[in-house]
Number of protein chains: 2
Amino acid sequence: MKKFVTIKDIAIRAGVSINTVSRALNNKPDINPQTKQKVLQAAKELGYIRDLNALSLKNGITKTIGVVFEDSSNPFYAEVFKGIEYCARKYGYQIILMNTERDYINEIKAIKTLIEKRVDGIIISPTQFDSDDISYLVSMNYPFVILGVHFENSQLDEVYSDDFKGGYLATKHLLDKGRKKILMINGYMYKSVAKMRYQGYVKAMKEYGLKPYHMVEIEEGYESCFNKISELKDLDYDAIFCFNDVFAIAALKALRTFGKTVPEDVSIVGYDDISYASFVHPTITTVKIDKFQEGMIAFEILQERLSEKRDKPKQIVLDVELIVRESA
Amino acid sequence: MKKFVTIKDIAIRAGVSINTVSRALNNKPDINPQTKQKVLQAAKELGYIRDLNALSLKNGITKTIGVVFEDSSNPFYAEVFKGIEYCARKYGYQIILMNTERDYINEIKAIKTLIEKRVDGIIISPTQFDSDDISYLVSMNYPFVILGVHFENSQLDEVYSDDFKGGYLATKHLLDKGRKKILMINGYMYKSVAKMRYQGYVKAMKEYGLKPYHMVEIEEGYESCFNKISELKDLDYDAIFCFNDVFAIAALKALRTFGKTVPEDVSIVGYDDISYASFVHPTITTVKIDKFQEGMIAFEILQERLSEKRDKPKQIVLDVELIVRESA
DNA sequence: TTGTAAGCGTTATCAC
DNA sequence: GTGATAACGCTTACAA
């Protein structure tokens, strides 16, 4: 296997002590320029590459953060990741990415491993199936940021979008278009995100003097939504508010199978504004979250915590925006 | 900041030496069961979590691999990542993910950082703008696997798909449908992938006694393709073979803007078979690559190398499959 | 200006 | 069965 050059090797080559090497490599002042030159030369010849792990052991800082997502192949998280990475790069951090596949057991394992790796901090979008692991992080005072969801009655670092407003805007838009029988295809309500969007939906309906029409909770994924809509073939509705754009795209497709047109027969509003929402036909009216920014902010919040610039919990609520396209 | 419990702390608590603690924690045989129990108890009470970095320093093994992608938000890579992760989980490896954004400078930096982190191995989809960095990895005998592309005249560990065949199948399918004026919207030809697909296209055309009709090289991304097709509005063609499905989706959209219907006026074939290829309307005929499997294989090849089960380079060529849908 | 030695958390080697 | 001690690669007091 590979063998790395150490400062010891350089020291021997240059005929100095290891810490003279360290001095030269780290641009310390108290060193003779000639010695420095000699050391640097030796280092170059040998092809020295510093060992950041050894450094970490010394410092207690790994310059690495952990990111725990439900599913990084979901365009939402994929984009968030880019935002995190953008900032991480700026500050010289590496990222260990782990997906939970929406399995709480995986979430626990991921956190454990990340702590074993001594990552400086963690950015996590929790499954919310349970939150003992989060409590654990709190109890050991581990730096972490919750992304995408909001834990009520807690004092955590969080960045999430204003999903109540999003649900409200989406529904109001449908109502303004004259729709009344608005079906909501939602995610599971134990997730705060789904709950908030539903509450926004309810609020808008009420404002228009209507009762919430019909809401179903389904698991994530195109198939899941496609099947549900097929199943609800006989339900009478004139609009669908979807939990996310993938659902909306699935809805589009499902409605087509039984000859309904969008937006004429049924209006559709999605959520997230993933790029594919504007690639399909008709393009999808949706609630936009600035995902890249959400990732950046998550990192920044974590960074503030790590650099001890801030002690109190910080919660950033991202504004959302209704993007009107063809589907509603 | 956080402070971690060390085996020393446990030793003090249990009233034994640190290496007795190590013995207990690692299930070594030569230890009194009672002592072991006592130590384990102390470890639990203190909330001990082992430090994998310290262990790495000792072993010279980090149980971490680096993954360098052009863009992990591209559904192709997103899926590949899942495959890598699936195997990594199985073998107990963590993954540091870094994107290059198709910038060779970023690629160099990523590799450097990963080596500094002493990752056990690297899986990389190179930009192919240059390959000094790859040569460097070879020269230092660093374990790595090239993913998605093939370097001619080299002896590297690689996993890539049979893009010559893919290009051929796609084009042949269009020809069999009676299309002759087949436009190819390709990626840059300095990438072996683009080159292979083009060669497949040429071969099929020749077989049907035709000259390659028209091929353009453009950069990746929906916009890029959409604009190019709008630009080529006056070109006379009856089919498009797209470098990937995102291009195909863009083509669909662009053609719609000037009233051409798919597949009646223009047939379209994409490449990759990302999930969105079957979500859009019309669904896209495409060349399928098993992305998850490609990721798994990449890891397996790397793993074989790491466990020294294999010494010689291994190159796996994944078969591809034409998936016929509505667009052609 | 340079070298020596301790220490980061862990395991392995050797005595006891 | 258990405990010192060295070692992994590096930085940082402290000494020279």
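What you are looking at is a predicted structure, and each value in this text was computed from that prediction instead of being measured. Numbers restart at 1 for each chain; the letters A, B, ... are given by sequence-line order, proteins then strands.
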Counting only side-chain nitrogens and oxygens, does B:T6 get under 4.0 Å of the OP1 or OP2 atom of C:dG9? no
Can you see if the side chain of B:S22 gets near the phosphate of C:dT10 - specifically, an N or O under 4.0 Å from OP1 or OP2? no
Heavy atoms under 4.0 Å, any strand shown: does [X] hit a base, just sugar-phosphate, or nothing?
| X | answer |
| --- | --- |
| A:S56 | nothing |
| B:N26 | sugar-phosphate |
| B:D30 | base |
| B:K28 | sugar-phosphate |
| B:I7 | base |

Can you check whether B:I61's main-chain N or O pairs, donor with acceptor, with B:R118's side chain at less than 3.5 Å? no
Closest to the [X] side chain, choosing from [options]:
| X | options | value |
| --- | --- | --- |
| B:I18 | C:dT10, D:dT12, C:dT2 | C:dT10 |
| B:T20 | D:dG3, C:dT10, D:dG9 | D:dG3 |
| A:Y48 | D:dC10, D:dG9, D:dT2 | D:dC10 |
| B:A54 | C:dT2, C:dT10, D:dT11 | C:dT10 |
| B:R23 | C:dC14, D:dG9, C:dT2 | C:dC14 |

Given B:E304, which of B:K312, B:K314, B:K309 fulfils the salt bridge (charged side-chain N to carboxylate O under 4.0 Å, His left out) condition? B:K314
Output the rounded distance in Å from [atom1] ([X]) to [atom2] ([N]).
| X | N | atom1 | atom2 | answer |
| --- | --- | --- | --- | --- |
| A:Q34 | C:dT2 | CD | P | 9 Å |
| A:L25 | D:dT12 | CG | P | 13 Å |
| B:L52 | C:dT11 | CG | P | 10 Å |
| A:D9 | D:dC8 | CG | P | 11 Å |
| A:I31 | C:dT2 | CD1 | P | 6 Å |
| A:I10 | D:dC10 | CD1 | C1' | 11 Å |

Can you check whether any acceptor in the base of C:dG9 is under 3.5 Å from a donor in the side chain of A:R118, or vice versa? no
Do the side chains of B:D133 and B:K112 get close enough for a salt bridge, i.e. N-O under 4.0 angstrom? no
May I ask you to decide whether A:K63 forms a salt bridge with B:E116, counting only side-chain N to carboxylate O separations under 4.0 Å? no
Could you say whether B:L57 or B:P33 is positioned toward the 5' end of DNA chain D, judged by the nucleotide with the nearest heavy atom to each? B:P33
Please state whether the rings of A:F129 and A:Y190 are parallel, tilted or perpendicular, taking 30° and 60° as the class boundaries. perpendicular
